[in-house]
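Both counts, for ligands and for their atoms, begin at 1 and track the order of listing. Computed over heavy atoms, backbone and side chain alike; hydrogens, waters and symmetry mates excluded. We count residues from 1, following the sequence as given. Treat the numbers as computed from the prediction; the structure is a model and nothing was measured.
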Amino acid sequence: MPESRVPRRRRYLVCEPRHFAVQYAINPWMHPEARVDTELAVEQWHKLIATYRAYGHTVETVEPVPGLPDMVFAANCAVTVEGKVFGSLFHAPERRPESTHYETWFKAAGFDVYRPESVCEGEGDLVPAGRWILAGTGFRTTREAHREVQEHFGVPVIGLTLVDPLFYHLDTALFVLDEENIAYYPEAFSPGSREVLGRLYPDAVIATREDAMAFGLNSVSDGLHVFIAPGATALAEQLSERGYLPVPVDLSELLKAGGGIKCCTQEIRS
Ligand code: ARG
């Protein structure tokens, strides 16, 4: 018998992909020579937003800025815990200007924003998971940033090393299902990090490479509903068996930049 799951209403910050494009390559999914249909990206993104709202979540938007094609990936701009905002400092010079635009939004919404000293890509690599924060490193966010995050929030930070360039952000290899559990793709992590995850989450949902390649680990869960890429069929099946309700949302056009559902979604935790 699957356990009964309880959804919690969330507050999400997003940014319309009006200026979305693949103009540079900063991860292996990006091919600037390939055709990108910005209109389709906008359409798929609006479906995601409508789905969040249909399930009772609050969605707020940052105005997109021309010349910042990756700004749609709102998750990378910050991580918020108990009403505190820890901003971003992007690894790629192309993305650095995004931080200020998000900072402006947070300030107008009444938040103070901490500016990191080390490279740090928000919820892309920093994943609040109940009593601690899971923190990826290896490609983008640095170990120094992990220390800054722990010092800022006073919450234990568990460092995890990513080893496969296809899964360059923690949120491409792992997502939080609820306060107690996660789903992840073990091969994206170093042996030691895999062992850490095994100790912390003996009951985790383990995804296959196919699930990971379909961006199934870039999902958003409200504790019951899991907004998930439609290609991650084996993972969705496992989630159903565990009592979660997978809600497929297709962002195939945004995958051309190496982004998916979670990348587009910044959760504001109060
Ligand atoms: N093109 C973007 C980058 O490489 C994609 C970011 C995806 N965001 C995420 N949270 N994984 O930075």
> Can you list the ligand 1 atoms lying under 4.0 Å from a non-hydrogen atom of Gly124?
Replying inline: 10 (N)
>> With a 6.0 Å cut-off (strictly less than), is the heavy-atom count around NE2 of His101, excluding the residue itself, greater than 12?
In response: yes
> Nearest to atom 12 (O) of ligand 1, what protein heavy atom do you find, and at what distance?
Replying inline: Arg95 NH1, 2.6 Å
>> Any nitrogen or oxygen of Met30 lying under 3.5 Å from a nitrogen or oxygen in ligand 1? Just yes or no.
In response: no
>> Under a 3.5 Å distance rule, please check whether Ser193 uses its side chain to pair with a backbone N or O of Phe189 as donor and acceptor.
In response: no
> Does any N or O atom in Thr172 lie less than 3.5 angstrom from one in ligand 1, N or O only?
Replying inline: no
>> Considering both backbone and side-chain atoms of Glu121, is one of its nitrogen or oxygen atoms within less than 3.5 Å of a nitrogen or oxygen in ligand 1?
In response: no
> Tyr55 and Phe227: ring pair (Phe, Tyr, Trp, His ring centres under 6.0 Å), yes or no, with the steps?
Replying inline: CA-CA 10 Å; Tyr55 283 90; Phe227 305 97; 5.5 Å; yes
> Cation-pi between Arg96 and Phe90: NZ/CZ under 6.0 Å from ring centre and within 45° of the ring axis?
Replying inline: no
> With backbone taken as N, CA, C and O and side chain as the heavy atoms from C-beta onward, which portion of Tyr168 lies under 4.0 Å from ligand 1: side chain, backbone, both, or neither?
Replying inline: side chain
>> I'd like the name of whichever of Asp171, Leu170, Leu255 reaches closest to atom 11 (N) of ligand 1 through any heavy atom.
In response: Asp171
>> Working to the nearest 0.5 angstrom, can you tell me the gap between Glu121 CD and Ser88 OG?
In response: 7.5 Å
>> Give the atom numbers and elements of ligand 1 that come within less than 4.0 Å of a heavy atom of Ile26.
In response: 3 (C), 4 (O), 12 (O)
>> Heavy-atom count check: over 12 atoms from other residues, nucleotides or ligands less than 6.0 Å from Glu187 CD?
In response: yes
>> Between Glu179 and Arg131 (salt bridge meaning N to carboxylate O under 4.0 Å), is one present in this structure?
In response: no
> Does Trp29 come within less than 4.0 angstrom of ligand 1, counting non-hydrogen atoms of the residue?
Replying inline: no
>> Is it true that, when you exclude Glu237 itself, more than 12 heavy atoms of the residues, nucleotides or ligands shown sit nearer than 6.0 Å to its CD?
In response: no
>> Test of understanding: given a 4.0 Å heavy-atom threshold, classify the contact between Lys262 and ligand 1 as side chain, backbone, both, or neither.
In response: neither
> Should Arg140 be listed as contacting ligand 1, given a heavy-atom distance under 4.0 Å as the test?
Replying inline: yes
> Of all the non-hydrogen atoms in the protein, which one sits nearest to atom 9 (C) of ligand 1, and at what distance?
Replying inline: Cys263 SG, 2.7 Å
